[in-house]
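Written out below as structure tokens is the structure these notes cover.
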Amino acid sequence: MTDRRSVLLFLLASALSLTACGGDGDTARVTCMGDGCACAEGNDCVCSAGTDCKTTCGSASCSLSCDSDAKCNGEGEAAVHLDCNDSSQCKTNAGDGSNVTCDMSTDCDIKAGRNTSVTCSESSDCKLNLGAGSTVTCQDSANCDVKCTDGCEVTCTDSTSCHLDCGPDGGAAGTMCDDGRLVCGTC
């Protein structure tokens, strides 16, 4: 009987830490799981100081905000809007048209589809694997290590560390343009 009670308590606790976001009419639901992770308005998850926040967006576009030294993981087939702040560790696997901001000493490991926009600032460490047509801005004292399939553009300020590899396997070095941009393709 004790084992059965333990299993039931575990299942109840697991159900309480899993929250579905979005309105009643939404067909694609976003889930937010883990300590410190909660639904905000619409398909938005907020993780504050959580050590294992997971957001699953499925086919819905969604937002994930991580702060206060949180550890976050976001998954989505559609666009994901990620704000990673306050020394947080953020990882995401997102679809086309995603938008990512990493700042305030964050550690970002981002894989996203075509036409994604990423900004890494302050002393963030950004490892990015992006689809064609994506843009990256690396500023302040951020470190940006970027792999992109084709047609990408990386803009870096003088105090940053930037590296761009191009092609499906990342085997070709990015081209340095006269205006200081790194690109996959021609300037």
Side-chain angles (χ1 to χ4, degrees), residues 17-22 28-131 134-149 152-157 159-165 170:
S17 68
L18 173 66
T19 306
C21 305
R29 301 290 294 226
V30 174
T31 58
C32 303
M33 303 174 21
D35 292 338
C37 194
C39 286
E41 186 176 321
N43 283 336
D44 300 341
C45 290
V46 176
C47 185
S48 185
T51 57
D52 192 22
C53 296
K54 291 188 173 109
T55 300
T56 305
C57 303
S59 61
S61 292
C62 67
S63 295
L64 174 59
S65 178
C66 304
D67 61 39
S68 302
D69 201 25
K71 186 173 180 184
C72 298
N73 189 351
E75 295 282 331
E77 298 164 20
V80 173
H81 180 86
L82 172 67
D83 284 320
C84 191
N85 302 296
D86 302 331
S87 301
S88 294
Q89 295 178 24
C90 300
K91 184 175 184 178
T92 189
N93 189 351
D96 295 346
S98 292
N99 187 316
V100 178
T101 302
C102 300
D103 64 10
M104 294 188 259
S105 303
T106 56
D107 182 2
C108 291
D109 186 354
I110 309 300
K111 183 175 181 182
R114 302 172 60 85
N115 301 314
T116 290
S117 175
V118 179
T119 300
C120 296
S121 59
E122 296 187 33
S123 58
S124 294
D125 188 15
C126 298
K127 181 180 177 186
L128 311 171
N129 187 342
L130 306 173
S134 295
T135 59
V136 176
T137 301
C138 194
Q139 56 197 18
D140 303 319
S141 58
N143 177 47
C144 297
D145 185 6
V146 184
K147 178 181 166 188
C148 184
T149 54
C152 292
E153 180 178 304
V154 179
T155 303
C156 302
T157 61
S159 57
T160 60
S161 172
C162 291
H163 182 80
L164 174 63
D165 287 322

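Source: prediction; values computed, not measured.
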Nearest heavy-atom approach of N43 to C62 is O-CB, 3.1 Å

Does any non-hydrogen side-chain atom of C57 lie less than 4.5 Å from one of V80?
yes

Euclidean distance, D86 CG relative to M104 CE, rounded to 0.5 Å
4.5 Å

Candidate list L130, L82, L128, test side-chain contact (heavy atoms from CB on, under 4.5 Å), partner V100, passing option:
L82

For the pair C90/C72, is the SG to SG distance below 2.5 Å?
no

With rounding to the nearest 0.5 Å, note down the distance linking SG in C138 to NE2 in H163.
13.0 Å

Answer with yes or no whether the side chains of D96 and N115 bring together a donor and an acceptor at under 3.5 Å.
no

Of C47, S87, C84, S48, the one forming a side-chain contact (heavy atoms from CB on, under 4.5 Å) with D67 is S48

Value rounded to 0.5 Å, distance of CZ in R114 from OG in S98
13.0 Å

Could you tell me whether the side chain of S134 and the main chain of T116 form a donor-acceptor pair under 3.5 Å?
yes

I need the T92 OG1 to H81 NE2 distance, nearest 0.5 Å.
11.5 Å

Indicate yes or no for a side-chain donor-acceptor contact from S159 to the backbone of D140 under 3.5 Å, with no hydrogens or angles considered.
yes

Can we say the SG-SG distance for C120 and C126 is below 2.5 Å?
yes

N-O pairing of D125 and K127 below 4.0 Å:
no

Could you tell me if the side chain of V30 sits less than 4.5 Å from the side chain of C45, heavy atoms only?
yes

Are the gamma sulfurs of C156 and C162 separated by less than 2.5 Å?
yes

Would you compute the distance between atom SG of C53 and atom CG of D35 and round it to the nearest 0.5 angstrom?
7.5 Å

Checking side chain to side chain donor-acceptor pair (under 3.5 Å) against S124, which of T106, T160, D103 comes through?
T106

Polar side-chain atom of S88 near backbone of A70 as donor-acceptor pair, under 3.5 Å:
yes

Going by atom types alone, do N143 and S161 pair a side-chain donor with an acceptor below 3.5 Å?
yes

Heavy-atom closest pair, residues G97 and A79
O-CB, 3.6 Å

Closest heavy-atom pair, K54 versus C37, reported as atoms and distance to 0.1 Å, is O-SG, 4.4 Å

The reported gap from SG in C144 to CD in Q139 (rounded to nearest 0.5 angstrom) is 9.0 Å

